[in-house]
2 protein chains.
Amino acid sequence: MSSIGRRPRADALRNRQQVLAEADAVFREHGAAGSLESVARRAGVAIGTLYGHFPTRHVLVGALLRERHDTLFTWGDELTAGDDPWDALGNWVRAVVEHTATYRGLADLFAASAADAESELHVDCARMTAIGEALVAAARNAGVVRPDLGGEDVFVLMNAAAWARAQLSPAEADRLVGFTLDGFRASGTRSGR
Amino acid sequence: MSSIGRRPRADALRNRQQVLAEADAVFREHGAAGSLESVARRAGVAIGTLYGHFPTRHVLVGALLRERHDTLFTWGDELTAGDDPWDALGNWVRAVVEHTATYRGLADLFAASAADAESELHVDCARMTAIGEALVAAARNAGVVRPDLGGEDVFVLMNAAAWARAQLSPAEADRLVGFTLDGFRASGTRSGR
DNA sequence: ACCTGAACACCGTTCAAGT
DNA sequence: ACCTGAACACCGTTCAAGT
C-alpha cells in the first residue's frame with residue numbers, strides 16, 4: 001500500500017505551504033525562472049526541503065497554479081455551453097492571457113510543457129488547448145470564425161499575447177489580442193462594418 | 001585625442017572575431033541568454049578577454065546583429081517608398097519576425113531594450129519602430145489599414161510572433177502573423193470577401 | 001518521514017598581475 | 001594595449017547524515 005491518504009507531519013505541511021507562499025511572491029517579482037534558493041531562504045527551510053516537496057520547477061509551478069487552473073478550466077467548459085460562441089471565445093482568450101501573464105516567463109514554461117509529455121504542466125496545456133478547440137468548433141458551427149481556424153491557433157495567440165503583456169506592455173498586448181481576434185472572424189462578419 | 005581610427009593589434013582583432021563567431025553559434029544553439037563562459041571557452045580566449053571586447057551582453061548581441069540590421073533597415077526604408085503599402089507592411093513584418101527568431105530569447109532582449117534608453121540595442125528598436133510607423137502611415141493614407149493602427153502595434157506583433165516562432169512552432173507563428181495582419185486591415189478591405 | 005546543509009558543477013563579472 | 005585567470009558572489013541539484 002502507498003501512503004496516499006496518510007496524514008502528513010505538521011511541520012512538513014507548514015514547510016510546504018511556506019514554500020508555496022514564497023515561491024508565489026518570488027515568481028511574481030522575478031518571473032517563473034526566479035531563484036529557488038531565494039525561495040527556500042525566504043521560506044526559512046533548507047534547499048533540500050524544497051526539493052523534497054517539489055522535485056522540479058514544473059512541479060512547484062504546477063502546485064501553485066492548480067487551484068487557479070481548476071477554476072479557469074471549469075469556467076472554460078461552461079463557456080462552451082453558452083449561447084454566444086463569439087463572445088465566449090473572446091472572453092476565454094482574454095482571461096487566459098491575463099492569467100498566463102501573472103508570472104513573467106510562464107508562457108515560456110507553457111510552451112515547453114506543451115511539447116513535453118513528461119512535464120507536470122503538460123496536462124494543463126492539453127486542457128487549455130482542448131477548451132480552445134471546443135470554443136472554436138462552436139464558433140465555426142455558428143459561422144462566426146474562418147473555417148480554417150483551429151484550437152492550436154488560439155493556444156498560440158494566448159501565449160504570445162501573455163508574453164507581450166509581461167515583457168512589453170499590458171495595454172499593447174490587449175490591442176494585439178483585439179486585432180488578432182478580428183482576424184479570426186469569418187469574412188464579412190467584422191463588427192466595424 | 002582618442003584612439004579612434006587606430007589600427008588594432010592583430011591578435012586582438014582575431015580574438016574579437018573568434019568570440020563573435022562562437023557567440024553566434026552558441027546563441028543559435030542555446031538562445032541569446034546562452035553562457036558567455038562557454039563562448040569564451042569555445043573561442044579559445046580567457047573570460048576577461050571577452051569582457052574586454054564586449055562589456056555587456058547587449059553590446060555583444062549588438063555587434064552580432066549590426067550588419068544584418070543595416071541591411072534590414074535599409075531595405076525597410078526602401079519599402080516605405082514602394083507603391084503597394086499593404087504588401088510592404090506584410091513583407092516587413094514577416095522579414096523582421098524571421099530575423100528576430102534567429103536566437104531564441106532575442107525578442108526578450110528587444111523588449112528590454114525598447115524600454116531602456118541605455119541599452120546598446122535601444123537605437124535598433126527605435127529604428128524598427130520608426131520604419132513600422134512609416135509603413136503604417138503610408139498604409140493609412142492609402143486607406144488599407146484601420147485608422148487607429150500605430151507603429152507600436154507592429155513592433156508588438158513582430159516580437160510576440162518571433163517569440164512564438166522560437167518557442168512554439170514556426171508554422172503556427174506564421175499563421176498568427178497572417179491572422180493579425182488581417183485584423184490590421186481597414187473594415188471591408190479583407191482579401192477573402 | 002522529514003529536514004539539514006555540505007558538496008559539486010556551473011555561471012556572471014571584476015580586477016590585479018602579467019606581456 | 002591587450003590578455004590571463006584567480007577571486008567573489010550566486011545558482012541548480014544531489015545526497016549522506018541526522019532527528
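Numbers restart at 1 for each chain; the letters A, B, ... are given by sequence-line order, proteins then strands.
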S.K.: With a cut-off of less than 4.0 Å, is there a side-chain N or O of H53(B) near OP1 or OP2 of dC2(D)?
M.R.: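 Negative; the distance criterion is not met.
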S.K.: Please report the distance, rounded to the nearest Å, between CG in D11(B) and C1' in dA1(D).
M.R.: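 In whole Å, dA1(D) C1' lies 9 Å from D11(B) CG.
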S.K.: Are there more than 12 heavy atoms of other residues, nucleotides or ligands under 6.0 Å from atom CZ of R14(B)?
M.R.: no
S.K.: Do any N or O atoms of the protein come closer than 3.5 Å to N or O atoms of nucleotides 17-19 of chain C, and which pairs are they?
M.R.:
none

S.K.: Roughly, in whole Å, what's the span from CG in L60(B) to C1' in dT13(C)?
M.R.: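 Taking atom C1' of dT13(C) as the reference, CG of L60(B) is at 14 Å.
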S.K.: Does any non-hydrogen side-chain atom of R165(A) lie less than 4.5 Å from one of D174(A)?
M.R.: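 They are in contact (side-chain heavy atoms under 4.5 Å apart), so the answer is yes.
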S.K.: Any residue in residues 12-26 of chain A with a heavy atom nearer than 4.0 angstrom to DNA chain C? Just list them by number, or reply none.
M.R.: A12(A), N15(A)
S.K.: To the nearest Å, how far apart are L50(A) CG and dG5(C) P?
M.R.: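 In whole Å, dG5(C) P lies 14 Å from L50(A) CG.
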S.K.: Determine, stepwise, if the pair D182(B) / R185(A) fulfils salt bridge (charged side-chain N to carboxylate O under 4.0 Å, His left out).
M.R.: CA-CA 10 Å; D182(B) 228 7; R185(A) 290 199 86 126; over 6 Å; no
S.K.: Heavy atom of residues 40-48 of chain B under 4.0 Å from DNA chain C: which residues?
M.R.: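 Heavy-atom cutoff 4.0 Å gives R41(B), I47(B), G48(B).
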S.K.: With sequence neighbours excluded, tell me which residues meet ring pair (Phe, Tyr, Trp, His ring centres under 6.0 Å) with H99(A).
M.R.: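 H99(A): ring pair (Phe, Tyr, Trp, His ring centres under 6.0 Å) contacts with H69(A).
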S.K.: Using side-chain hydrogen bond (donor to acceptor under 3.5 Å, both in side chains) as the criterion, list what pairs up with R127(A), not counting sequence neighbours.
M.R.: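 By the side-chain hydrogen bond (donor to acceptor under 3.5 Å, both in side chains) rule, R127(A) matches D77(A).
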S.K.: Which residues in residues 27-38 of chain A have at least one heavy atom lying under 4.0 Å from any atom of DNA chain D?
M.R.: G34(A), S35(A), L36(A), E37(A)
S.K.: Pairs counted as Watson-Crick or G-U wobble with both distances under 3.5 Å: what dot-bracket string results for DNA chain D, using | for bases tied to another strand?
M.R.: ||.|||||...|||||.||
S.K.: What I want to find out is whether D108(A) reaches R57(A) closely enough, with some N-O distance under 4.0 Å, to be called a salt bridge.
M.R.: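 R57(A) and D108(A): not salt-bridged.
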S.K.: Side chain of T129(A), backbone of C125(A): donor and acceptor closer than 3.5 Å?
M.R.: yes
S.K.: Give, ordered by number, those residues of residues 111-119 of chain A having at least one heavy-atom distance below 4.0 Å to an atom of DNA chain D; if nothing qualifies, reply none.
M.R.: none
S.K.: Taking D153(B) for the side chain and L149(B) for the main chain, is one N or O donor matched with an acceptor at less than 3.5 Å?
M.R.: no
S.K.: A side-chain contact here means heavy atoms from C-beta on lying under 4.5 Å apart; do R175(A) and V156(B) qualify?
M.R.: no
S.K.: Side chain of Y51(A) only, please: which of dT13(D), dT4(D), dT13(C) is the nearest?
M.R.: dT13(D)
S.K.: Write down the distance between CZ (F54(B)) and P (dC3(D)), rounded to a whole number of angstrom.
M.R.: 11 Å
S.K.: More than 12 non-hydrogen atoms from neighbouring residues, nucleotides or ligands closer than 6.0 Å to CD on E98(B), yes or no?
M.R.: no
S.K.: Tell me, which pairs form a side chain to side chain donor-acceptor pair (under 3.5 Å) where one or both residues lie in residues 81-92 of chain A, sequence neighbours left out?
M.R.: none
S.K.: If you look only at pairs with a residue in residues 132-142 of chain B, which of them pass as a side chain to side chain donor-acceptor pair (under 3.5 Å), with sequence neighbours excluded?
M.R.: none
S.K.: Report the residues that fulfil side-chain hydrogen bond (donor to acceptor under 3.5 Å, both in side chains) with S119(B), sequence neighbours left out, ordered by chain and then residue number.
M.R.: H58(B), S113(B)
S.K.: Is R66(B) salt-bridged to D124(B), going by a charged N under 4.0 Å from an acidic O?
M.R.: yes
S.K.: Treating T71(B) as the side-chain partner and E67(B) as the backbone partner, does any N or O pair qualify as donor plus acceptor under 3.5 Å?
M.R.: yes
S.K.: Return the set of residues passing side-chain hydrogen bond (donor to acceptor under 3.5 Å, both in side chains) with R42(B) (not counting sequence neighbours), or none when no residue passes.
M.R.: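 Testing R42(B) for side-chain hydrogen bond (donor to acceptor under 3.5 Å, both in side chains), a comparison that skips the adjacent residues, returns E22(B), E29(B).
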S.K.: For S35(B) and S38(B), indicate whether the former's side chain and the latter's backbone hold a donor-acceptor pair under 3.5 Å.
M.R.: yes
S.K.: Using atom CZ of R57(B) as one end and atom P of dT13(C) as the other, report the distance to the nearest whole Å.
M.R.: 7 Å
S.K.: Judged by atom type as modelled, is there a donor-acceptor pair below 3.5 Å linking the side chain of D24(B) to the main-chain atoms of L20(B)?
M.R.: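 Not at all, since once roles are kept as given, no pair shorter than 3.5 Å links the two residues.
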